[in-house]
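Proteins get letters first, then strands, A, B, ... in listed order; numbering begins at 1 in each.
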There are 2 protein chains.
Amino acid sequence: MNNHHRQQLEARARVLKAMAHPTRLFIIEELEKEERSVNDLTAMVGADVSTVSKHLAQLKQAGLVRDDKRGNQVFYRLAVPCILNFFGCVEAVLTEQLQQQSAAATLRVRP
Amino acid sequence: MNNHHRQQLEARARVLKAMAHPTRLFIIEELEKEERSVNDLTAMVGADVSTVSKHLAQLKQAGLVRDDKRGNQVFYRLAVPCILNFFGCVEAVLTEQLQQQSAAATLRVRP
DNA sequence: TGGCTATTTGGCTAAGCTGCCAAATAGATT
DNA sequence: AATCTATTTGGCAGCTTAGCCAAATAGCCA
């Protein structure tokens, strides 16, 4: 594993880490639909404004969202449109897990 | 955000979190090529065996890899083949970041 | 200006993660 | 059985994260 490769892996890990939180995934989902102000998102998430603001800062730092200040408010939108596709594989993983679990349950019931 | 939705987001976040570490990404990359024993991976990663073993346990817990004990050794392989595609979007994010950075650098040089 | 709303930042605590060493476990070999 | 190799587990120190409250900042409106 050379230096360049390591840096590449670290960069990828940073992006994944920024996405790896339920609230931030929710925000990403919402921003897929349309841009939103911090206030909007705060109401939808149901946490303290400061918490949501910090989540948004993390997403921005990772390059996943952009912000746009208009008047009083700051609107956030996705920086990268392809995040939707991103979940095809995650879903596959989750489906696999369900199948595994139900298979295991069946084995326990009928050993 | 109803209960089912929240659980779905948490499940997705767990998978992403399992991937969000440079060493674990490296392991995933290696396992894309072929199955590997813990010893193999430890040599490639260059950390303590116990550390690598714990990374593997995390990947397994998330449903990303499967293990297979043969004789003395435990071989790990990917549970889900589609992880390769998973990175198209991450790469797009990273490319965006580079473009942003070089654009900003240009602005600083020629304001 | 003063007050109002929207957002960010600082500070704190509780909880979680990472990596190492040491010890335990499991299989193979002599 | 004794020993060797491969792997996992327990435990700890150091570091990071999440969430809240309080305070600071920024723009709007009377």
Touch class at under 4.0 angstrom, heavy-atom based, for B:Phe75 against every strand present: nothing

d(CD, B:Glu10; C1', D:dA18) in whole Å: 14 Å

Salt bridge present between B:Asp67 and B:Lys60 (N-O < 4.0 angstrom): yes

Pairwise 5' ranking along DNA chain C for B:Arg70 and A:Asp48, keeping only the more 5' one: A:Asp48

Rounded distance in Å - CZ (A:Arg14) to P (D:dT16): 14 Å

Between P of D:dA6 and CZ of B:Arg36, the distance in whole Å: 15 Å

Whole-Å gap separating P (D:dT16) and CD (A:Gln58): 13 Å

Presence of B:His55 side-chain N/O under 4.0 Å of C:dC17 phosphate oxygens OP1/OP2: no

Separation of atom NE2 in A:His21 from atom C1' in D:dT16, rounded to whole Å: 13 Å

Sugar-phosphate, base or nothing in reach of A:Ala47, heavy atoms under 4.0 Å: sugar-phosphate

Side-chain-base donor-acceptor pair under 3.5 Å for B:Lys54 and D:dG11: yes

Phosphate-side-chain proximity, B:Thr51 and C:dT18, N/O vs OP1/OP2 below 4.0 Å: no

Under-4.0 Å salt bridge between A:Glu34 and A:Arg36: yes

Single hit among A:Arg77, A:Arg66, A:Arg70 for side chain to side chain donor-acceptor pair (under 3.5 Å) with A:Glu35: A:Arg70

Whole-Å gap separating P (C:dT8) and CG (A:Leu59): 12 Å

Sugar-phosphate, base or nothing in reach of B:Ser50, heavy atoms under 4.0 Å: base

Touch class at under 4.0 angstrom, heavy-atom based, for B:Asn72 against every strand present: base

Carboxylate-amine/guanidinium proximity below 4.0 Å for B:Arg12 and A:Glu29: yes

Contact summary for A:Leu16 and B:Met19, nearest pair of heavy atoms: CD1-O, 3.7 Å

Rounded interatomic separation in angstrom, taking NZ from A:Lys60 and P from C:dT7: 13 Å

Residue-phosphate contact under 4.0 Å: B:Tyr76 side-chain N/O, D:dT8 OP1/OP2: yes

Atom pair distance, as rounded to whole Å: CD in A:Gln73 and C1' in D:dG27: 11 Å

